[in-house]
Protein chains: 2
Amino acid sequence: MISSTGEYALRAAVYLAQHRDAPQTTAKIAEGTKVPAGYLSKILQQLVRGEIASSLRGAHGGFVLLHDPDAVTVWDVLTAVGAAPERIETCPLGIERHEGLCPVHRLVDDAVAEAQRCFSSATLATLVSSVDGMTALCEVAPALGLPARGGSRR
Amino acid sequence: MISSTGEYALRAAVYLAQHRDAPQTTAKIAEGTKVPAGYLSKILQQLVRGEIASSLRGAHGGFVLLHDPDAVTVWDVLTAVGAAPERIETCPLGIERHEGLCPVHRLVDDAVAEAQRCFSSATLATLVSSVDGMTALCEVAPALGLPARGGSRR
DNA sequence: TTTATACTGGACAACTTTATCCAGTATCTC
DNA sequence: GAGATACTGGATAAAGTTGTCCAGTATAAA
């Protein structure tokens, strides 16, 4: 559904949303998100270019989220790293003389549109807020001492 | 959203659904779907193994759809070639001590589930049936739609 | 100013996906 | 049976994605 790059970017963005107090180094983000550090640095660069994060060089430098977590959608993050599923605008078969899409590509595009809607309606703030004792990035909130149930699955 | 392989498989399956009268050779399917012939043959093999189509060797051989078009969902086709988006069952970060998914992966999995629902509810029969003068595979139904001009159909 | 820190950018390697080609084999028609 | 047709499977290559590494550079702190 989304590429590794998209997953990684999302994890990194959520991590930054969880740690807004100070710049986070690539190494720390990599540790906290379990993303390969070398590759993560490339992704963080893309987030900077996409104006999701900003970077600070030098000692005590690192990356910080550029905007409020509730102003950044998941879609924004995926788009910044080119991992957002793309709408189908024109016929993939290269046939030009028609308006609209055939049923096949209409169906696929509908699925893409649904994904876009889903990803656009969730912000980093949404993801960071704990749900059922579960925090983002698959960490269990330790303070709540959750009674480990399987209830959150549909 | 779906890989090239998935697109190709879907086009091929729709083509077979449109031509159930006789076995269709790889060459004919490739021409009708604009899929690279060499690669298409691999995909057709996967459709055979996945019991979407069956193959007939020798003269007048080719591929035929194994079941009724309304008994084959788009999801079935994508699954047969390993191109169906996969549900997230376990935590991608490898953290084991929790039930369910964190909000991040819950969100992504919801999008996957939506795509699955979308692709499962459409059958090849659905796609083949003409809509608004548009037939599957981005061809315009000649009788209904835009003024046909010679030569655009190869 | 010096030093340590940490991002930047490029080169490169590993891996996966996509694509091509061909010899081999099964099947149909005559 | 002979010949033509067309799938099968393997080898191989091209392209894209993911991942690593390192020298260069900017910045903060002492």
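None of the values given here were measured: they were computed from a predicted structure. Below, chains carry the letters A, B, ... as their sequence lines are ordered, and counting in each starts from 1.
Residues B:Arg20 and B:Asp68 come closest through the heavy atom pair NH1-OD1, 3.2 Å.
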Checklist outcome for this item: Whether each nucleotide of nucleotides 2-16 of chain C has a protein heavy atom under 4.0 Å at its base (B), only at its sugar-phosphate (S) or at neither (-) is summarised, 5' to 3', as ---BSBBBB------
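Proximity of B:Val35 to B:Ile29: side-chain heavy atoms (C-beta onward) are nowhere separated by under 4.5 Å. A:Gln24 is listed as a side-chain neighbour of A:Leu16, based on a closest heavy-atom distance under 4.5 Å.
Look at A:Glu31 and A:Lys28 and you find no salt bridge, because none of the NZ, NE, NH1 or NH2 atoms lies under 4.0 Å from a carboxylate O.
Between A:Tyr39 and the phosphate of D:dC21, there is no side-chain N or O to OP1/OP2 separation shorter than 4.0 Å.
Ring geometry, B:Phe119 versus B:Trp75: the interplanar angle falls under 30°, so the pair is classed parallel (tilted spans 30 to 60°).
With rounding to whole Å, A:Gln46 atom CD is found 11 Å from D:dT17 atom P.
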